[in-house]
Amino acid sequence: MKKSDKQPVIEAKGIYKAYNTDGLAVHALNGVDLTIKSGEFTAIAGPSGSGKTTLLNIIGGIDRPGKGDIHVAGSDLNTMNNRQLSDLRLYKIGFIFQAYNLIPVLTAIENVEYILLLQGVDKTERRHRSEAILREVGLDKEINRRPGDMSGGQQQRVAVARAMVSEPELILADEPTANLDQKTGSALLDLMKELNRKRGTTFLFSTHDSMVMKRADRLINLSDGKIAGGRKR
Amino acid sequence: MILYIKLAWRNIWRNKRRSLVVITSIGMGVFLMIITMSIVNGMNYQMIDNTISTSLGHVSIHKKGFIENIKPSYSFKPSPGIYEKIIRTGHVTGAASRIKIQGMVRSSEASQGVVITGIDPLKEKTVSELFKYMVEGQGEGYPDSTDREWIVISKQTAEKLDLVPGDRLVLMFQDADEQIVAESFYVRGIFVSPIDTFDKFTVFTGIKKLQSIAAMGSSISEISIRTETRNDAIGVCDTVKGFTADPGIETVTWQQMAPSMVSAIRLYDALMFIFFGIIFITVIFSVANTMIMAIMERFHEIGVMKCIGTRPLNIFIMITSEAINLGLAGMAAGLAASVILVEIFAYTGMDLSIFSESMRIWGTGSVIYPLLMIKDIVSSVIIVFMTAVISSIYPAIKAARIKPMEALNFL
């Protein structure tokens, strides 16, 4: 199947979002139209305040748009209640955060297993799949370490493993390399790219790092809450 | 579920000092609760036991109205063979006939109102512990006859009437024909029981001597029965009731003879629960405060958990489990410490002789042996569990309602 024939994972039309800050309306998104197809490796770039995180939050069902239609993995987010959105995030979307956001009291493998546990996967399979994905991200020797005992790069790899373990249709990553040094960030990006290639998982991440932009297959520039061009490789 | 319990256990150790303070406060609550309950149980047990072993017995057969009217006219002639029948009844360890008459004891110095109790010393040994309360070296000791003119008085009475063993005193009372009689006795021995009121108002003499002076013939006031345990009293009472056909005679247990003592014990229990209620209300606020602080510190983290698909119910379970874990840890510490201490004191006794006068008024004796009961442990477990659950409800609801969006922006 050619890339152009693939089903869209994300379809956003006319997305608006405004926040009320000290009585003033701040327009974070001003009519964003966006389609991301299955298997794409896309970066949303833009300066701070351009609306990257807001857009990712709306796509991830964490926030709701003020106006506009949004479909993710075949579901119309506007018609879903909080519980359905929670299930969508659990089964269809993997999240990678800038600050890793692992559960500090759980070990690497327990953090990864946590998602499968929420999905009701049985213990043996949970362990097997978690070990496999941690091996894939190069952390097979660190599985019993807690986040506090790991470097930033290692923690972000655990976060990638956590996001990937349930094989979601979409991975949303909000500035995943922002807290990492150049070398570690580059290695992480290689890893994400490799997982995208091998598994065909769709990646959408925000960044303002030019190195990251260069590695993306598709780049979308966001400025003042609007899409201001981009490129496709 | 297991993961949330594990998660909760690890979470409470993220701030060791704070958790230890909460665990200690819960532990102290449990410790105080168990220690207090055990001491009160021990006091109650000893109070009942002392009352039974001095005057009440476990079961009593007497004429209706006798308890309110301790007079020769409220006496009865026991049916032939009744004593043997009682002795052969299961769980009965002893039985003895007694005469009790309200009267007055006079010496050359003073006088005092008393209950004159006529006993058969040999049989009395099977129902009461008067023989244990005799002061050694004071007179001829525990009596051995039923028809001589001896009297045994308490140390308190001896001091008040300025009497020593060998001295003579006069007993005055109304006989069966309602005539005032007076008779001289010599003090054979002195006793000290653990009950103040008993000592103040009881004197003993031989049953046959008293029957003769009081013109009672072979009538007696009561048959006092001792059973193996106090719990056997009701069963024995039911059996023994069938031994007397006279409708004017009643057979009652110690609870029926001393309803005020039973009410006092119930009052103790009620007061204890009010006391524990106050302790645990303070614990509820302490745990709730800790949980709210813990949630505020982990606001972002809980938001992330919700963001990746954790349901509000799971968050609720996690927070509630944290409070329950704190409660159980505190309870384990409090229980262990209190059980050890109670067991030590149950063996050595708690010597409260510094308060001996007050203890004698309560009839407990000055050495208390704390008594730990399974029901107290069960109730403390339930109370702590409920406390932990109640204290965690508000914080857990608050945590379950955290909006992922707000939490992600909260750093």
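Here the structure is a predicted model, which means the values were calculated and not measured. Every chain is numbered from 1 and lettered A, B, ... according to where its sequence line falls, protein lines coming before strand lines.
In B:L267, the CG atom is crowded: over 12 heavy atoms of neighbouring residues, nucleotides or ligands sit closer than 6.0 Å. Other residues, nucleotides and ligands contribute over 12 non-hydrogen atoms within 6.0 Å of the CG atom of A:L90. More than 12 non-hydrogen atoms from other residues, nucleotides or ligands lie less than 6.0 angstrom from OH of A:Y19. A 6.0 Å sphere centred on CG of B:N289 holds more than 12 heavy atoms belonging to other residues, nucleotides or ligands.
Inter-residue side-chain proximity for B:V304 and A:F95 is flagged as unmet; no heavy-atom pair is nearer than 4.5 Å. Two residues are said to be in side-chain contact when any heavy atoms from C-beta on lie closer than 4.5 Å; A:P104 and B:E301 meet this criterion. Looking at heavy atoms from C-beta onward, B:K6 lies in side-chain contact with A:E110 at the 4.5 angstrom threshold.
At a 4.5 Å heavy-atom cutoff, A:Y91 makes no contact with chain B through either its backbone or its side chain. Heavy-atom distances place the side chain of A:R146, and not its backbone, under 4.5 Å from chain B.
Of the listed residues A:L117, A:D63, A:N82, the one with more heavy-atom pairs under 4.5 angstrom with chain B than any other is A:D63. The greatest number of non-hydrogen atom pairs below 4.5 Å with chain B, out of A:L85, A:L106, A:L88, is found for A:L106. Taking A:I103, A:I93, A:D174 one by one and counting their heavy-atom pairs under 4.5 Å with chain B, the maximum is reached by A:I103. Note: A:D87 leads A:L102, A:D87, A:T53 in heavy-atom pairs under 4.5 Å with chain B.
Applying a 4.5 Å heavy-atom cutoff, the residues of residues 308-328 of chain B that approach chain A are B:I308, B:G309, B:T310, B:R311, B:N314. Residues of residues 8-41 of chain B lying under 4.5 angstrom from chain A, judged on non-hydrogen atoms, are B:R10, B:N11, B:R14 by number.
Rounding to the nearest 0.5 angstrom, the gap separating the CG atom in B:L408 from the CD1 atom in A:I62 is 5.5 Å.
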